[in-house]
Amino acid sequence: MKRNLIVLAAVLAAPIAFAAWPEKPVTLVVPFAAGGPTDKVARDLAEVLRKGLNNQTVIIENVGGAGGTLGAGKVAKASPDGYTLLLHHIGMATAPALYRTLPYKTLEDFEYVGMVNEVPMTLIGRSTLPANNFAELRKWIDANKGKINLANAGLGAASHLCGLLFQQSVAVDMTTVPYKGTAPAMTDLLGGQVDLMCDQTTNTTQQIESGKVKAYGVTTSKRLTTPALAKLPTLDEAGLKGFNVSIWHGIYAPKGTPKAVLDHINAALRSALKDADFIKRQEALGAVVITDERVGGAAHKKFVEAEIAKWGPAIKAAGQYAD
Ligand code: ASP
């Protein structure tokens, strides 16, 4: 009898404990450098996410390096209590094909919480490049084979994937220069130390608008509507037939995080994605907030599985691996 009462008390206490969650700040790991595209999404999101998390602060922790795989590995090993989350992008789906060994299992070590946004990319160059449009860039590339530097945020980054497809499309190999994120890469592009970069509009829109970098095209199949980017041709239109890359972000928790906690985070995410200011800020940077079923964990995971199947063969064909 006494034992039954103890069990009953434990069952009754469980939902109460989860209802109080979170009781302290929640850490959102960004697997890239501060000030870059993923970091910007995370910081904007953190502001609104906290409203659904008992108004607890959402602390951003930047764990850059190895194309996002270090930060993802850190979250995979974190305590599954919902206090450590990961905001990651397409690298979650491309890394399995790029790395012989990863510090986590993509589909087994995480709870998929839901997706956040989709972000187009732009091909940009240092302001001192002589080429002013894509046709001129193509001629410049052909005339400078063997001398061109292409910045990226490491193997597995969006800039790496886009750069890989770009080099394949123009059939010219470039020297890739990896950074811990495209924020430091952008600093070097602005300083003229590197020539080209393919980066998300969340990091490039303002630089394009102010003329600090040259923009040659957008990577999506349709032109963008953001005023600063609407004049840019798609790379497909500019001559790279079929070129189409779009980046997406999602939230992950360590495997084994209790369902009640995951539901709480997901509810906070769903209301954050309906926040008018958040939507406006994302749209101003060319990003589109997810509104379909992928804001839920099951559809998010299904989407990542489809992305792994989509990009894996192309990456393997390019023969790029890291140990
Ligand atoms: N998302 C990376 C960053 O925030 C850039 C990339 O993936 O290319 O720096």
Side-chain angles (χ1 to χ4, degrees), residues 28-46 60-75 85-99 102 106 115-125 149-167 174 176-190 194-208 213 215 218-220 235 245-252 281-282 285-288 304 307 311 315 318 320 322:
L28 183 59
V29 171
V30 169
F32 295 101
T38 302
D39 183 68
K40 282 180 194 153
V41 173
R43 283 174 203 272
D44 274 357
L45 184 66
I60 304 298
E61 186 185 344
N62 298 93
V63 184
T69 60
L70 295 183
K74 180 169 181 172
V75 176
L85 304 173
L86 171 71
L87 177 81
H88 201 355
H89 66 12
I90 192 168
M92 201 71 179
T94 56
L98 285 165
Y99 288 82
L102 278 175
T106 309
M115 286 174 63
V116 177
N117 66 5
E118 283 174 313
V119 196
M121 300 188 85
T122 45
L123 177 66
I124 57 174
N149 291 322
L150 180 66
N152 70 32
L155 219 66
S159 44
H160 168 263
L161 175 69
C162 183
L164 189 69
L165 299 174
F166 177 60
Q167 291 174 82
M174 302 174 192
T176 50
V177 187
Y179 296 81
K180 283 193 174 172
T182 51
M186 181 66 88
T187 305
D188 275 7
L189 190 77
L190 294 173
V194 283
D195 300 314
L196 294 168
M197 176 161 72
C198 202
D199 196 14
Q200 296 164 68
T201 56
T202 33
N203 202 34
T204 63
T205 303
Q206 277 154 8
Q207 310 293 3
I208 293 171
V213 296
V218 294
T219 63
T220 40
L235 289 178
V245 192
S246 179
I247 302 314
W248 41 267
H249 287 95
I251 293 192
Y252 306 81
R281 279 203 299 277
Q282 291 292 296
L285 296 175
V288 179
V304 174
E307 287 282 283
W311 295 111
I315 291 167
Q320 293 227 346

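Bear in mind that the values here come from a model prediction, so they are computed numbers and not experimental data. Every number for a ligand or one of its atoms is a count from 1 in the order of the listing.
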Any donor and acceptor pair, going by atom type alone, linking the side chain of [X] with main-chain N or O of [Y] inside 3.5 Å?
| X | Y | result |
| --- | --- | --- |
| Thr219 | Val245 | yes |
| Thr176 | Leu150 | no |
| Tyr99 | Gly156 | no |

TODO: Measure the distance from atom 1 (N) of ligand 1 to every protein heavy atom, then report the residue, atom name and distance (to 0.1 Å) of the closest one.
DONE: Thr38 OG1, 2.7 Å

Task: Heavy atom of the protein closest to atom 8 (O) of ligand 1 (residue, atom name, distance) - done: Ser159 OG, 2.5 Å

Task: For Gln207, side-chain hydrogen bond (donor to acceptor under 3.5 Å, both in side chains) partners two or more places apart - done: none

Open item on the list: The criterion is side-chain hydrogen bond (donor to acceptor under 3.5 Å, both in side chains); which residues satisfy it with Asn62, sequence neighbours excluded?
Closed with: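 Partners of Asn62 under the side-chain hydrogen bond (donor to acceptor under 3.5 Å, both in side chains) test: Asp39, Arg43.
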
Open item on the list: Residue-level breakdown please: for His160 versus ligand 1, do any non-hydrogen atoms fall below 4.0 Å on the side chain, on the backbone, on both, or on neither?
Closed with: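 Neither; no heavy atom under 4.0 Å.
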
Of all the atoms in ligand 1, which lie at a distance below 4.0 Å from a heavy atom belonging to [X]?
| X | answer |
| --- | --- |
| Ala157 | 6 (C), 7 (O), 8 (O) |
| Thr182 | 3 (C), 5 (C), 8 (O), 9 (O) |
| Gln200 | 1 (N), 5 (C), 6 (C), 7 (O) |
| Ala153 | 5 (C), 6 (C), 8 (O) |
| Gly181 | 9 (O) |

Task: Contact with ligand 1 for Lys40, non-hydrogen, under 4.0 angstrom - done: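 Distance cut 4.0 Å: Lys40 fails for ligand 1.
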
TODO: May I ask whether Pro37 places a heavy atom under 4.0 Å from ligand 1?
DONE: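 Yes, Pro37 has heavy atoms under 4.0 Å from ligand 1.
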
Open item on the list: Regarding ligand 1, does Ala158 bring an N or O atom to under 3.5 Å of one of the ligand's N or O atoms?
Closed with: yes

TODO: Name the option, out of His89, Met186, Met121, that contains the heavy atom nearest to atom 7 (O) of ligand 1.
DONE: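 Going through His89, Met186, Met121 one by one, His89 has the nearest heavy atom to atom 7 (O) of ligand 1.
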
Open item on the list: If we count only N and O atoms by modelled type, under 3.5 Å, do the side chains of Ser159 and Thr182 hold a donor and an acceptor together?
Closed with: no

Open item on the list: So if I apply the ring-ring contact (aromatic ring centres under 6.0 Å, His included) rule between Phe32 and each of His249, His89, His160, which one comes out positive?
Closed with: His89

Task: Single hit among Asn117, Thr220, Ile90 for side chain to side chain contact (heavy atoms under 4.5 Å, CB included) with Ile247 - done: Ile90

